[in-house]
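Okay, so here's the structure we're looking at.
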6 protein chains.
Amino acid sequence: MKNQKKLKLGIPKGSLEEKTIELLNKAGYNIKLTERLYYPEIDDPEIQCILIRAQEIPHYVEIGKLDAGITGGDLILENKAKVVEVTDLEYTKRRLGKIKLALAVSKNSGIKSVKDLRGKTISTELVELTKDYLRKNKVKAKVEFSWGATEIKPSQFADAIVDIIDTGETLKAHNLKIIDTLMEISIKFIANKDSWQNKWKKEKIENLSLLLKGALAAQKRVGVMMHVPSKKLKEALKILPAIKKPTITKIIGENLYDLLTVAKEEEIRELIPKLKKAGCTGIVEFPLNKVVE
Amino acid sequence: MKNQKKLKLGIPKGSLEEKTIELLNKAGYNIKLTERLYYPEIDDPEIQCILIRAQEIPHYVEIGKLDAGITGGDLILENKAKVVEVTDLEYTKRRLGKIKLALAVSKNSGIKSVKDLRGKTISTELVELTKDYLRKNKVKAKVEFSWGATEIKPSQFADAIVDIIDTGETLKAHNLKIIDTLMEISIKFIANKDSWQNKWKKEKIENLSLLLKGALAAQKRVGVMMHVPSKKLKEALKILPAIKKPTITKIIGENLYDLLTVAKEEEIRELIPKLKKAGCTGIVEFPLNKVVE
Amino acid sequence: MKNQKKLKLGIPKGSLEEKTIELLNKAGYNIKLTERLYYPEIDDPEIQCILIRAQEIPHYVEIGKLDAGITGGDLILENKAKVVEVTDLEYTKRRLGKIKLALAVSKNSGIKSVKDLRGKTISTELVELTKDYLRKNKVKAKVEFSWGATEIKPSQFADAIVDIIDTGETLKAHNLKIIDTLMEISIKFIANKDSWQNKWKKEKIENLSLLLKGALAAQKRVGVMMHVPSKKLKEALKILPAIKKPTITKIIGENLYDLLTVAKEEEIRELIPKLKKAGCTGIVEFPLNKVVE
Amino acid sequence: MKNQKKLKLGIPKGSLEEKTIELLNKAGYNIKLTERLYYPEIDDPEIQCILIRAQEIPHYVEIGKLDAGITGGDLILENKAKVVEVTDLEYTKRRLGKIKLALAVSKNSGIKSVKDLRGKTISTELVELTKDYLRKNKVKAKVEFSWGATEIKPSQFADAIVDIIDTGETLKAHNLKIIDTLMEISIKFIANKDSWQNKWKKEKIENLSLLLKGALAAQKRVGVMMHVPSKKLKEALKILPAIKKPTITKIIGENLYDLLTVAKEEEIRELIPKLKKAGCTGIVEFPLNKVVE
Amino acid sequence: MKNQKKLKLGIPKGSLEEKTIELLNKAGYNIKLTERLYYPEIDDPEIQCILIRAQEIPHYVEIGKLDAGITGGDLILENKAKVVEVTDLEYTKRRLGKIKLALAVSKNSGIKSVKDLRGKTISTELVELTKDYLRKNKVKAKVEFSWGATEIKPSQFADAIVDIIDTGETLKAHNLKIIDTLMEISIKFIANKDSWQNKWKKEKIENLSLLLKGALAAQKRVGVMMHVPSKKLKEALKILPAIKKPTITKIIGENLYDLLTVAKEEEIRELIPKLKKAGCTGIVEFPLNKVVE
Amino acid sequence: MKNQKKLKLGIPKGSLEEKTIELLNKAGYNIKLTERLYYPEIDDPEIQCILIRAQEIPHYVEIGKLDAGITGGDLILENKAKVVEVTDLEYTKRRLGKIKLALAVSKNSGIKSVKDLRGKTISTELVELTKDYLRKNKVKAKVEFSWGATEIKPSQFADAIVDIIDTGETLKAHNLKIIDTLMEISIKFIANKDSWQNKWKKEKIENLSLLLKGALAAQKRVGVMMHVPSKKLKEALKILPAIKKPTITKIIGENLYDLLTVAKEEEIRELIPKLKKAGCTGIVEFPLNKVVE
């Protein structure tokens, strides 16, 4: 019975490792790397964490060696893994957001579209996705598995590559250009189909998902509070973003209201000057740990 | 007169140093290590900080060379120091909480209890406490002072050790096991008896104690606020932890209440899913600096 | 037109660099150092950042190579640069606050005032300011340009120095003493005169100034909230600092008020013990990102 | 023609990278990592270095994308690559010597030989070598490709592994034991078959090989010189190792000979005490850069 | 008298600092950075070291505040300093050799020669050398003093730059190209004219110069020894480089000679294969500390 | 029997650790720190290394828990340990040479000699040696055990200290001055008396001692070789140091001799200029690993 109460969770070793552990920490799980390098300690006795290559997570979740895992959406497709996709988690190893899978060539290669790749060599870590893509485009070309550093392959070792693109800096540094985008990808939190049928495991996974998303949302948001004179209240409320109903309180003994809300970090730079112009005073911005709508 | 207005505060040099300075910083005291390594600068002109070995603090506080100090409870007992114990501060060099003083032996030594130590050698940094313990157990054994790294002594250099145990990882790494626990220990904030009679010093020490405990409490707690529909208010309030009365405000113009409270970090992972299920929206968690009940 | 919509912002390379980038980050601008070392990426497409020596910023802002810049007040004077001084930003490479420009000599030099420097050599990075100062004091002395490390010049290479003094530690370490202070200086956010006439640029600069000051203010302040029994409300309000009107809310169903305000970090150590004594409970301190009065 | 005079040399990116570049440096080639990360600069205009995964080097050398390369002997076999094996280079990422390819299982798995693996799962980065081995042993088992960290697979993810073993510490740390050794392996310097037919390239490769081996040999050897009285000469010569004929010189004006030779580092600890006992004086040991027999 | 026996030696603070101290260490002087940062300790009581900006060394050596110093040849010219040039020391902050002073512009600026700079702005740290150069070329242009990072000036802040070029990587990274070389430059060991007249100081400076050059020469050279059969001796001697007469010794009891000589590092890669082909055996290369021809 | 063939060697953990391991490495023993932190791996199967506090080594060698060990001479005296002193090893944690045990006081304390300490408090890690010293001087004073950082004790915590002095920098930094030197001390290689009676262990210890001293000697010495014209031979030989008979060889076919010898590093700076003046050419200095006279 004891075993049934333990959720086996795969965490991607390698490029996503740092950000994933950081996210779990922000979600409220204290994760510590120990001497047993691949089995980090987590302060929830109901979870067993395993650090394992992102490429292996879809397969191990599918066959039930793991109950759940965090891995790239591209790798789930590449493995054609039959798993439950619990939620998208939009972060990359460098920032928040999605990444894309793209076809790229050397800037001075003369290759302009997938059609020009007939008979050529494409290097990629995602062989199956690349073959599917070529089939769809009715192009016959050689697809070679790349063991990494795919960006250096054109044009000495391959004519084109299919690779994950995050900020695009790597491409620029190697003088490559994108000639087609195969798909947008995000990190996914996935579960094994049988584990999803188990009531205890499902609830555990859903709660974990809620906290992970709450922590991710908080990274883009801040709390803001301010005083606003009674007659300016309507104007101020119009300026405030719509993501959360503001808490409006009358300040006892003053002709002032207090507004408290949550705003996106990208809005705040424009919001504060506007609020000040609208007559708000005592504008205070504070950091958040989690935001669950 | 000027001297009377300066509180001499001993900070433990060594394994507790980093965490103690961090705690003082969180309590609101800006402490900077300077060229005068053992006399860190503190931004309160009424305090003089001295970095000094934890073992020496009980003695120096007892004889008044220091007005107050932070040191381990075990060292106060070992020195049989007559000091005022102002408050417990539950942190260790690695985490929040207590540590324990234990008797440990090599896993494959065959020694099962203190009784088996008759005529054997025990290595420890706490010679007096160990002798007291043996007397109480009516066991005659040789107690050797250990200059550190006591965990390597069994069984090449000693048959058993009496040592401070924090997470237990060190024991495991050296293939030792605990066969008895002498006592639970926590870090203590202590004061000299005469300084405690001095009104100005006592108040200074008490305020410092209040802020240190407030900062320590905040490390385990977060703030949470949320919206709750009027008819769900009672249910939500039942879920909330009892450590602080929540601030309940009616949101003007909405059929909603705003709840704001403080929760323990270890509860929050379960609290948020429950609140969401209970109908709360806009759940926001934010970090705290100090919590003074 | 597109060019008109780009604000060229000079950021001081060198000793102020780290703190300035940190401040911009806190103001809400995500700045990343890239391969193009001197052109850090900023996540506002309307701003172009350039890392450039603080000494060159006044001149380049004056002649319009930069629209705005952050640099030392002393350097604006030294260059007699005709620029708009948008706001003071009181931080140094080590702390918050102002610095000063001082005349210092070797402790055992026998030189006691500027008058004793007749015919002597003064080493300084601020040749023009030093000459002005000597003229005002009617002292004829040789002023030599120093390429840095001015503090080592007395008395092997010069009789006195005119230099920026921050914490005074450097002076002490080189056995120097201040014999006169030429002026107090702060970091300044400056703008080109033509850019200031451009409506779009002026607003951009003003908003940036608002956010920088808001972030700077938050570094010295924290949020505080607490419960206070009805009959203690007046007493508690008297203790609270005056910098922001507190938000006072009646807690529904309790004979308690909730107070929320902002306090200076230097006050908080004294504020919390006082509030507790006055009957406040559940005192909670939390960190802030920005404070805009 | 110009191209013909450039040797394309593959250097293994990853675990062997540091030691390989160190060895090339010791061989007399100054290699610098530049911004173009995968194309380090080498101070021989006739060589182009490319950092590339060891797994890809056998294939790229075989098809002529590289003229020569340094890679593991196991990877050449795994790829069944048709290349010229120029020389063995006995070093690993940690030390000098060979490594081995072994079959390992969890210590408490009960599996004792390859025969016990019937129907089980083996995880390995060397799928082909493992299948060959199973065929030879007439055992049918599932071979799964491992993306790395193969040592953590037993027994949660696989029943056994086939992996490279260097010092054996990793095995011990993961509680694994070797139950069979498939083969001994060393790093190899390989060449493309066509390049080997090209006179210029072949000579370039052979010289490079000579210098690499000379540098490798010097890491295990030192120079030794000593004085020996005429009548003790024979005895001393008997003690000296045989790897190099010693240079024997009569010292002018003394009844002494000077002996100079090269010794293995592992011998020197025993050699020096013996020589001293045999009457040698002024024994001097000095470091070597290269030893070419 | 005691003072007369102390040589004041200026060591360039900044980019050349590390390599200069390394060179002094190799020359046999143990230099340690102490708390008194600008006065490193040297283990020769007859020398006082002072770390000081390279730009200030020519002036301070000229006026006798320093007896001798190491600085760039360009700075001596820029300052038109009247000093004794004791010797050239060919090293840069990155490598051994000379550097050059060049005129560079943005690659896409259209500027092709100094003639195209009429009326334009040149940014440089070497204002006087640049003005001399423009005068010689009869071009009138504005020369602006650059406080550093001159390479970022084109074309936003200046049309061209005159700057020190070491490996050229910085230029490439900033998309600049050289359109003229003003002069080749090397680091120089300089002395004050009066100090040079003092017998004790002159000898001290000359010995220091000898050791510095000896240490510098050793960085490019190695020792080589080998056995050669009697009949191959002539052939082998022809292959050996001419920089030092080889020591030829007949090995007692063998029909072999032992050759020992010094070779340049850049020759050794070709020398060893040739010697081996010529019949030499036991070729041993060893490192050197100093080479004084 | 197997046990008899293993030498248990204590290596001092802490301040001497790094230099001691470095010395053992130079002596030809490859020592690697492993996971088992206190039992470093040594590449001699006949030795077991144990890292243990220097203070504990005399006692453990005396009672035979260790066969041999490296520790401070002061600690042997403090423990009055009955051990065999095999050899002195003159190094400290910072340099080569001896250290001293001294009595020091605050510069402005007014205390001038041990006589002034009557009734005062002395803080020291060497309580027994200090008491002996006071007895010899017929001074009654309180001796308090110091747990480290003894240099900060005067005058807040003690009136004087007895401490190990290496370079004297620590004293200077804490404004202390030496008023008496108790003794000169060096690191010692010690053996257990019974182990010394065991033939195998004694030889093992003696050989180790020979190699340690050889490696230590080489750190202060270099090899030098040069050519000298026949008629200058006598003059050159007179300049050469006497520590090793030079190897003099006639160069075949030239009117030159080759001299090869060993010199102290501190002599070489003066030796090379003299040899050059005396007509020597091709002077080459090279590094040494070991020198066994």
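The figures that follow rest on heavy atoms only: side chains count, while hydrogens, waters and symmetry mates do not. Lettering of chains follows the sequences in order, A, B, ..., and the numbering in each one begins at 1.
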- prompt: Using non-hydrogen atoms only, which part of Ala217(C) is less than 4.5 Å away from chain A: side chain, backbone, both, or neither?
  reply: neither

In terms of heavy-atom contacts, does [atom1] of [X] have more than 12 from other residues, nucleotides or ligands at under 6.0 Å?
| X | atom1 | result |
| --- | --- | --- |
| Glu22(A) | CD | yes |
| Lys100(A) | NZ | no |
| Glu46(C) | CD | yes |

Nearest heavy atoms of [X] and [Y], plus distance in Å:
| X | Y | answer |
| --- | --- | --- |
| Ile251(A) | Ile248(C) | CG2-N, 3.8 Å |
| Pro287(C) | Pro287(A) | O-CD, 3.3 Å |
| Ile252(A) | Tyr257(C) | CD1-CE2, 3.4 Å |
| Pro273(A) | Leu210(C) | CA-CD2, 3.6 Å |

field: Atom pair OG1 (Thr167(A)) and NZ (Lys32(C)), whose distance is rounded to the nearest 0.5 Å
entry: 6.5 Å

CE on Met225(A) to OG1 on Thr247(C), rounded to 0.5 Å: 7.5 Å

- request: With a 4.5 angstrom heavy-atom cut-off, could you sort out which part of Glu254(A) is near chain C: side chain, backbone, both or neither?
  value: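 Glu254(A) touches chain C through side-chain heavy atoms alone.
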
query: For Glu293(C) and Thr281(A), what are the C-alpha separation, side-chain angles and deciding distance, and is it a side-chain contact (heavy atoms from CB on, under 4.5 Å)?
result: CA-CA 5 Å; Glu293(C) 306 295 326; Thr281(A) 56; over 6 Å; no

- prompt: Given Phe286(A) and Leu288(C), is the side-chain contact (heavy atoms from CB on, under 4.5 Å) satisfied, shown in steps?
  reply: CA-CA 4 Å; Phe286(A) 58 100; Leu288(C) 304 178; 4.1 Å; yes

- request: Check the pair Leu211(C), Arg269(A) against side-chain contact (heavy atoms from CB on, under 4.5 Å), reporting the backbone distance first and the verdict last.
  value: CA-CA 7 Å; Leu211(C) 295 165; Arg269(A) 298 191 314 223; 3.9 Å; yes

message: Regarding Glu203(C) and Lys277(A), does a basic nitrogen lie under 4.0 Å from an acidic carboxylate oxygen?
response: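 Salt bridge: yes.
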
Top of Ile272(A), Leu256(A), Ile268(A), Val222(A) for chain C proximity - count of heavy-atom pairs under 4.5 angstrom: Ile272(A)

Val284(A) and Val262(C): CA distance, side-chain angles, deciding distance, side-chain contact (heavy atoms from CB on, under 4.5 Å) verdict: CA-CA 9 Å; Val284(A) 168; Val262(C) 163; 3.7 Å; yes

